[in-house]
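Below is one structure, written out as C-alpha cells; the observations come after it.
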Protein chains: 2
Amino acid sequence: MDESVPQKGTVTQRAIEQIKAMIGEGRLEPGQRLPTERDLATQLGISRSSMREAIRALTVLGVLEARHGSGIYVTQLEAGDLLETFGVVADLSRGPRLVELLEVRRVLESTATALAAARITPEQLAEVEKHLEAMNATEDPEEILFHDLAFHRAIVAAAGNETMAAILEGLSSRTFRARVWRGYQEEGAFERTRREHARIHRALADHDPEAARAAAAAHVGEVEAWLRGQVEEHGWTTTNGTRP
Amino acid sequence: MDESVPQKGTVTQRAIEQIKAMIGEGRLEPGQRLPTERDLATQLGISRSSMREAIRALTVLGVLEARHGSGIYVTQLEAGDLLETFGVVADLSRGPRLVELLEVRRVLESTATALAAARITPEQLAEVEKHLEAMNATEDPEEILFHDLAFHRAIVAAAGNETMAAILEGLSSRTFRARVWRGYQEEGAFERTRREHARIHRALADHDPEAARAAAAAHVGEVEAWLRGQVEEHGWTTTNGTRP
DNA sequence: TCGGGAATGTGGTCAGACCACCATGACGGT
DNA sequence: ACCGTCATGGTGGTCTGACCACATTCCCGA
C-alpha cells in the first residue's frame, strides 16, 4: 500500500505512530474495531510480529484493547483508560519521589475536595458517609483501607473532573497506599485519621470549599510529613517487600 | 527454572509482571543491563516473540530501554522516564477533556510557581528572564511558543519537585500546546500573554509566593476559560486536523 | 422451533532464520 | 610502542510460517 513513508526509526515505532495518528485524525473512532493483525501488518507493509509489538505498545498505553478471538478495538479513550499507566509510576517510585508524589496528591486532592464541597449532591454525600461510617465501624486494616480509598474516591468523583479523578486514582492505587499506609498506621494514627476524615465530611456537608480544601490538605499533609521524616531518617526505599 | 508460576493470564502479561516485580524488589537496579532477550525468554520458559512483547510494553512505560546491538537496560526510573507517556493523554484528548487537563495544569502550575517564588535562585531567575525577553523580542509564532514553553519549564524546574515537573511537561507538550495555542493566539492574546508573563516574573523576583500563585492561576485560567467557551459554543473536538 | 456442535475467524504463542547495529580486540602500518 | 582499521562475535530488530486457544457464527438435527 502506501510505501510513501520512508525510513524513520524502527519499523514498529513507525507503526505505533501511524495508528496513533489514525486515531488523532479521527479515522478511528472510540470503540471501533480495527482490521485484523494480519491485515494491518499487510497494509503497513510490515510483518505480523512487528505489528503485534505496536499493538502491544498501544494496549499498554490504554489506547487499544485486544480481545482474544474477537478482535482489536479502540478504547473509549476516557481519562481512566489513558491514565491507567499512572499507577505504575506510584508502584515503582521510592524514597524522595514518594514524597513528591504525595505532594502532588495533596495539591490535587485538596482542590478536588474543595470543588466537591461546592458541587456535591445529597446522593453523593450519602455515598461518602456510607464509607466513612463503615471505616469507623471496623478494626480490620484491610477493610479500613478499602473504605478509606472509597471515601476519597467518592469525594473526588463529586468534584466532576474525570481527568483529575483518574490521576488521583493512580496516586492512591491499592499497592501504593498499602505500602505507605502500613507504616503510617502502625504509629497509632487511626484516631487522627478519623478526626481528619470527620472534618472533611463536615466541610462537605456544609458546602464550605475553603474548609474542605484546608481539611484535605492537612489530611494528606500529615502522611506526607510523616513519610518525609521516614525518608530523611533512614534512607527508606519502600520497595515491594517480599514478606517471608 | 522457576516453573512454579501456574497459568494466570497471557504468557506475555505474566512476563511483564515478573520483570516489573524484579525491579520492584530491587533485584534489578536502575541502569543495570538485563540478560539478552533470548536468555530472558529461556529463563521464563516462553518464546522470544512473547518476551519481546513484554519488553516492548515495559519500554513504552519508560521502565526499560532497548539499545540496538548493545542490550536492554533498566532506566534510571526517574520521574521523567516514567511519566513520558503522560504526553499521549494530552495528544489524544479532545473536547471537554481538554478543559479538564487545563484545569489540572492550572492547579499544579500555580502551586509550582508559588513554590518557585519561594525557592528560586538568581541563576534560575536569570534563565527565566532569558526566555521572557526572547519571547518578547520576536514575532515568529514558532519561536514564541518555544520560549513560552521554556519560560514555564524553567519556573517549574525551580519549584524543586521533579514529579510535578514531569507531569506538567506532559500537559504542556509541544503538540498539546500547539493545538490550543494556535486558536487562542489568533484572537490577539499576545499582549495579554505578555502582561501575564511579566506579572509572574515580578512575583518570582519579589519572592512572593501568593502573588506568583495568583498570577500563574490567572494565566492558565485565561486559556482555560477561552477553551471552555470554544467547546461549549461549537462542539469543538480539536483533533489533529488533516488540513487539506 | 430451538438447542448444540461444527466451522470459521481472531488474537496468542512458538520456532527458526536472517539482518542491522554495536562493542571488542586482533592486526598491521606508522 | 602507538594508534587507527577492520574483522568478528554478540545483541536487538525483523520476517516467515506454523500451530494453539478462544469467540462468534451458523447450520443441522432433534
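Here is the naming used below: chain letters follow the sequence lines, and residue numbers restart at 1 for every chain. Keep in mind that this is a model prediction, so the values were computed, not measured.
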Going 5' to 3' along nucleotides 4-13 of chain C, which nucleotides have protein heavy atoms under 4.0 Å from the base (write B), which only from the sugar-phosphate (write S), and which from neither (write -)?
-----BBBBB
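With sequence neighbours excluded, the residues satisfying salt bridge (Lys or Arg N to Asp or Glu O under 4.0 Å) with A/R174 are A/E142. Considering only residues two or more places apart in sequence or on other chains, A/T163 meets the side chain to side chain donor-acceptor pair (under 3.5 Å) condition with B/E100. Every side chain to side chain donor-acceptor pair (under 3.5 Å) that A/R56 has, sequence neighbours left out, goes to B/E53. Evaluation of the side chain to side chain donor-acceptor pair (under 3.5 Å) rule for A/E169 yields A/R153 as partners, not counting sequence neighbours. With sequence neighbours excluded, no residue forms a side chain to side chain donor-acceptor pair (under 3.5 Å) with B/E29. Applying the ring-ring contact (aromatic ring centres under 6.0 Å, His included) rule to A/Y184 yields the partners A/W181, A/W226; only residues at least two apart in sequence or on another chain are considered.
For residues 75-87 of chain B, no residue pair satisfies the salt bridge (charged side-chain N to carboxylate O under 4.0 Å, His left out) rule, not counting sequence neighbours. Applying the salt bridge (charged side-chain N to carboxylate O under 4.0 Å, His left out) definition to pairs two or more places apart or across chains, none involves residues 155-165 of chain B.
Chain B approaches DNA chain D within less than 4.0 angstrom (heavy atoms of the protein), and the contacting nucleotides run 5' to 3' from D/dG10 to D/dT14.
Each end of the helix from C/dT1-D/dA30 to C/dT30-D/dA1 gets its own rotation axis from five pairs of C1' atoms, and the angle between them is 10° to the nearest 10 degrees.
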Side-chain atoms of residues 60-71 of chain A: list all donor-acceptor pairs with protein atoms under 3.5 Å, sequence neighbours left out, distances to 0.1 Å.
residue	atom	partner	partner atom	Å
A/S70	OG	A/Y73	OH	2.7

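The backbone N or O of A/R38 lies less than 3.5 Å from a partner atom in the side chain of A/T42, making a donor-acceptor pair.
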